[in-house]
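This report refers to the structure that appears directly beneath it.
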There are 2 protein chains.
Amino acid sequence: MTLDPDLFSDCGTDRPLIRIGDKWTMKIIVCLRDGPRRFGELIVPLRITAKVLTESLRAMERDGLLTRTAYGENPPRVEYALTPLGRTLLEPLAAICAWSAAHQPEVLRARSA
Amino acid sequence: MTLDPDLFSDCGTDRPLIRIGDKWTMKIIVCLRDGPRRFGELIVPLRITAKVLTESLRAMERDGLLTRTAYGENPPRVEYALTPLGRTLLEPLAAICAWSAAHQPEVLRARSA
DNA sequence: CGGAATCCAGCACGATACTG
DNA sequence: CAGTATCGTGCTGGATTCCG
């Protein structure tokens, strides 16, 4: 059986719908797993620039994966939290992480050969 | 509980181990799901350049995800097939696809708002 | 503290031409 | 048929500076 030339025609234009592959989305979701986090709280473990973190958070907000709540205080305080939709990503995410953990040595061995 | 600053220190340098996020790896795996495929067979549904396809296949070969077998014929014939390791990626891959299919409308609705 | 503005580098990807 | 060679591009992410 030959491959359907239009096999991927319904996959949107090019990239997958959610940016699983980008450098930050998955890690941000992991960081928000246990509850809301502040901007400055996220920066530390991610070792990310403020600019890039802002961009990523805004994109994820647009996609309905998380919410941004700013309290009108001074100094400012902003909290980010996963939406129910964002939480549903934790499962497939765990599948990827499990694969990575299980097969990492195997890949590294192949790569060095 | 505050986030561990070294939360991701064991995730390699930056990118995930396998390039799930890149434009092609996942699609190539899907194309090889039902058995070996020839170079020219892969090009059609993927709508990919020969150069980029070659690069992707070589990278996946280095990681032990697939094998390349060239038959010394003329005209040349080359076949690519998933290794057992590559096959283990089909499962987490399916989890992602299922999520995408299930929540695509939701994301698109959020994005347009 | 939580950004915004600006500038810049690397790399993935694409287009085209050529080859054994 | 299955590539390689060359060139060009956009986009993601990084560094730095400034602001309310």
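Reminder, nothing fancy here: chain letters follow the sequence lines and each chain counts from 1.
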Go through residues 29-37 of chain B and report each residue with a non-hydrogen atom lying under 4.0 Å from DNA chain C, sorted by number. none

Please determine, for the side chain of [X], which listed nucleotide ([options]) has the closest atom?
| X | options | result |
| --- | --- | --- |
| B/Lys23 | D/dA2, D/dG14, C/dC13 | C/dC13 |
| B/Trp24 | C/dC13, D/dA2, D/dT4 | C/dC13 |
| A/Pro75 | D/dG3, C/dC1, C/dA4 | C/dC1 |
| A/Ala50 | C/dG3, C/dG2, D/dG13 | C/dG3 |
| B/Tyr80 | D/dG14, C/dC13, D/dG3 | D/dG3 |

Atom-to-atom span, [atom1] of [X] to [atom2] of [N] - whole angstrom:
| X | N | atom1 | atom2 | result |
| --- | --- | --- | --- | --- |
| B/Glu79 | D/dC1 | CD | P | 15 Å |
| B/Arg77 | D/dG3 | CZ | C1' | 16 Å |
| B/Arg58 | C/dA12 | CZ | C1' | 18 Å |
| B/Glu73 | D/dG3 | CD | C1' | 16 Å |
| B/Ile48 | C/dA12 | CD1 | P | 13 Å |
| A/Phe39 | C/dG2 | CZ | P | 8 Å |
| B/Glu55 | D/dA5 | CD | P | 12 Å |
| A/Ile43 | D/dG14 | CD1 | C1' | 13 Å |

Could you report the tightest heavy-atom contact between [X] and [Y], atom names first, then the distance?
| X | Y | answer |
| --- | --- | --- |
| B/Arg47 | A/Pro5 | NH1-O, 3.2 Å |
| A/Phe8 | B/Pro45 | CD1-O, 3.8 Å |
| B/Met26 | B/Leu93 | SD-CD1, 3.3 Å |

Letter per nucleotide, 5' to 3', of nucleotides 15-20 of chain D [B base touched, S only sugar-phosphate touched, - untouched; heavy atoms, 4.0 Å]: B----B

Counting only side-chain nitrogens and oxygens, does B/Arg47 get under 4.0 Å of the OP1 or OP2 atom of C/dC13? no

Does a side-chain N or O of B/Arg38 approach OP1 or OP2 of D/dA2 to a distance below 4.0 Å, or not? yes

Mind checking if B/Tyr71 touches a base, just sugar-phosphate, or nothing, with heavy atoms under 4.0 Å? nothing

Which part of the nucleic acid, if any, lies within reach of B/Arg68 when heavy atoms closer than 4.0 Å are counted: base, sugar-phosphate only, or nothing? sugar-phosphate

Measuring only between side-chain heavy atoms, which start at C-beta, is A/Leu85 closer than 4.5 Å to B/Val107? yes

Answer yes or no: is there a side-chain heavy-atom contact under 4.5 Å between A/Tyr80 and A/Ile28? no

Under a 3.5 Å distance rule, please check whether B/Ser100 uses its side chain to pair with a backbone N or O of B/Ile96 as donor and acceptor. no

Ignoring hydrogens and angles, tell me if any N or O in the side chain of A/Arg87 forms a donor-acceptor pair with the backbone of A/Arg33 under 3.5 Å. yes

Hydrophobic clusters here meaning ILVMFWY residues chained together by side-chain heavy-atom distances under 4.5 Å, can you tell me if B/Leu42 and A/Leu7 are in one? yes

Applying ring pair (Phe, Tyr, Trp, His ring centres under 6.0 Å), name anything that partners A/Trp24, two or more places apart in sequence or on another chain. none

Knowing that exactly one of B/Leu32, B/Thr88, B/Thr67 qualifies, which makes a side chain to side chain contact (heavy atoms under 4.5 Å, CB included) with B/Thr83? B/Thr67

